[in-house]
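Since the structure comes first, as structure tokens, the remarks are kept for the end.
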Amino acid sequence: MPLARDASSYAATIVRGARGIFARTTRDRRKGPERLLELFDFEACPYCRKVREALTELDLDYLARPVARGSRRRELLRELGGKVQVPYLVDPNTGTRMYESDDIVSYLNEHYARDGKAGWPVPLPSFLDDLNSFAASAVTLGRGRVCRVVRESGPPKLLELFNMEGSPYCRKVREVLSELDLEYVVRNVPKGSPQRKELERLGGKVQVPFLVDPNTGVRMYESDDIVTYLEREYGNEKRRARPSGRASQAR
């Protein structure tokens, strides 16, 4: 099973042409943002993937607020934006709240790109980009789409994940975080990011995924070990017999 999951996750990275691995703009060459951006999404959503890729390529950290099918956080999403649809970006630095993946990527490039903009090296029409991202979701069999637990509240302190969107091993961890309905801070470390020095300081090497759990003091590498840890530590709340609600996917 782990080998099959690795293979499908690698396939998704290949389908997306290694998007979300290399920095186009780095944080040391721009000012801000001072406060974390927030992204309501779920891992299997093809439109959300496009936004997460852009956030990685622009070397931006963010607060991941998963709203997989069955998440109670969907009601908060409805209150904030008026509908249950993803991706939904909240930028507290500018007061911006917005749906639609292409609009969000354009916004991120406008406000946070400096040396280079996020996106394909050779621009693709939006519908081809969407089809390609749908294919990436298909090869991972929709993992990260449905909550497996009913979570009344999260842990007292937010988990942190050092991440590259295009890494197949990071994808495995994000899928489980989505299925366990856990909010967490994404510390993006694309190739070229100066934040890689912080990763090396904390863990001793530059390797992703790297999980930091301030609730237990755990710091760990290796996707399979992280998944086992998350399931043991946070997978014991009441299991959901039937998922309720469904987030529509918007571009």
Side-chain angles (χ1 to χ4, degrees), residues 13 16-67 77 80-81 83 85-130 132-134 136-137 160-167 170-171 174 178 183-196 208 247-251:
T13 294
R16 288 301 285 171
R19 285 288 313 276
I21 288 181
F22 297 94
R24 302 292 179 81
T25 291
T26 55
R27 64 190 66 212
D28 58 338
R29 299 182 66 85
R30 65 158 181 261
K31 182 179 179 180
E34 295 182 357
R35 300 170 63 188
L36 278 175
L37 281 68
E38 301 176 22
L39 181 66
F40 288 80
D41 81 328
F42 59 88
E43 181 61 29
C45 169
Y47 302 117
C48 298
R49 177 179 294 105
K50 294 166 60 177
V51 174
R52 296 194 305 265
E53 289 168 348
L55 287 162
T56 304
E57 292 169 355
L58 296 178
D59 201 15
L60 288 164
D61 294 342
Y62 64 96
L63 171 60
R65 311 196 75 176
V67 286
L77 172 58
L80 290 174
K83 54 186 174 181
Q85 177 177 299
V86 291
Y88 182 68
L89 181 77
V90 177
D91 186 347
N93 302 280
T94 63
T96 298
R97 298 179 179 181
M98 61 193 308
Y99 294 102
E100 303 294 338
S101 60
D102 289 340
D103 292 342
I104 293 172
V105 171
S106 295
Y107 168 84
L108 293 172
N109 276 325
E110 178 183 352
H111 286 269
Y112 299 112
R114 290 296 178 268
D115 302 323
K117 294 185 176 182
W120 291 91
V122 178
L124 285 182
S126 181
F127 78 94
L128 288 179
D129 194 10
D130 291 346
N132 181 270
S133 194
F134 267 97
S137 291
E160 298 182 27
L161 180 68
F162 285 79
N163 169 78
M164 289 193 303
E165 173 62 27
S167 162
C170 292
R171 182 175 295 111
R174 295 194 311 266
S178 182
E183 290 188 329
Y184 59 103
V185 175
V186 176
R187 303 294 186 195
N188 275 323
V189 286
K191 293 185 178 181
S193 171
Q195 184 155 244
R196 290 188 156 217
V208 290
S248 59
Q249 298 171 348
R251 287 177 282 182

- Note on the structure: Note: Asp41 and Cys48 closest approach over all heavy atoms is CB-SG, 3.4 Å

- Message: If I compare all heavy atoms of Ile21 with all of Gly166, which pair ends up nearest, and what's the gap?
- Response: CG1-CA, 3.8 Å

- Test item: Tyr107 side-chain N/O and Leu89 main-chain N/O as donor-acceptor pair under 3.5 Å: no

- Query: Run the salt bridge (charged side-chain N to carboxylate O under 4.0 Å, His left out) check on Glu57 and Lys117 step by step: do they pass?
  - Reply: CA-CA 8 Å; Glu57 292 169 355; Lys117 294 185 176 182; over 6 Å; no

- Check the pair Asp61 / Val186 against side-chain contact (heavy atoms from CB on, under 4.5 Å), numbers first and verdict last. CA-CA 5 Å; Asp61 294 342; Val186 176; 5.9 Å; no

- Message: If you define the side chain from C-beta out and look only at heavy atoms, does anything of Pro87 sit under 4.5 Å from Leu39?
- Response: yes

- Sidechain-backbone polar pair: Thr56 side chain, Arg52 backbone, donor-acceptor under 3.5 Å: yes

- Answer whether the closest heavy-atom distance between the side chains of Leu37 and Leu63 falls below 4.5 Å. no

- Query: Rounded to the nearest 0.5 Å, how far does CZ of Arg65 lie from CD of Glu38?
  - Reply: 5.0 Å

- When rounded to the nearest 0.5 Å, the distance separating SG of Cys170 from CZ of Arg174 is 6.5 Å

- Value for CD (Glu165) from OG1 (Thr13), rounded to nearest 0.5 Å, stands at 8.5 Å

- Tyr47-Phe134 aromatic ring centre distance below 6.0 Å: yes

- Heavy atoms only: give me the nearest Arg49-Glu43 pair and the separation to one decimal. NH2-O, 4.1 Å

- Message: Could you tell me if the side chain of Leu77 sits less than 4.5 Å from the side chain of Tyr99, heavy atoms only?
- Response: yes

- For residues Ser193 and Asp59, is any side-chain donor paired with an opposing acceptor at under 3.5 Å? yes

- Validation row: Val86, Val67 side chains within 4.5 angstrom (heavy atoms): yes

- Message: Can you see whether Arg114 engages Thr25 through a side-chain donor-acceptor pair at a distance of less than 3.5 angstrom?
- Response: no

- Query: Measuring from Leu60:CG to His111:NE2, what's the distance to the nearest 0.5 Å?
  - Reply: 12.0 Å

- Task: Return yes if some donor-acceptor pair links the side-chain N/O of Ser133 with the main-chain N/O of Asp129 below 3.5 Å, else return no.
- Result: no

- Message: Quick check for you: to the nearest 0.5 Å, what is the distance between Glu110 atom CD and Thr94 atom OG1?
- Response: 10.0 Å

- Tell me yes or no: between the side chains of Tyr112 and Asp91, is some donor less than 3.5 Å from an acceptor? yes

- Flag for Asn188-Asn163: side-chain donor and acceptor within less than 3.5 Å: yes

- Query: Tell me, do Gln195 and Phe162 make a side-chain contact under 4.5 Å, heavy atoms counted?
  - Reply: yes

- Message: Would the distance check show the side chain of Arg187 and the main-chain N or O of Glu160 forming a donor-acceptor pair, the cut-off being under 3.5 Å?
- Response: no

- For residues Trp120 and Arg24, report the shortest heavy-atom separation together with the two atoms involved. C-NH2, 4.3 Å

- Query: With a 4.0 Å cut-off, would you call Asp115 and Arg30 a salt bridge?
  - Reply: no

- Can you name the closest pair of heavy atoms from Leu80 and Arg97 and give their distance? CD2-NH1, 3.4 Å

- Message: Are Val185 and Leu161 packed together at the side-chain level, in the sense that at least one heavy-atom pair is separated by less than 4.5 angstrom?
- Response: no

- Nearest non-hydrogen partners of Ser126 and Lys50, listed with the distance: OG-NZ, 4.0 Å

- Item | Sub-4.5 Å side-chain heavy-atom contact between Thr96 and Val90 | no

- Task: To the nearest 0.5 Å, tell me how far Asp103 CG sits from Met98 CE.
- Result: 5.0 Å

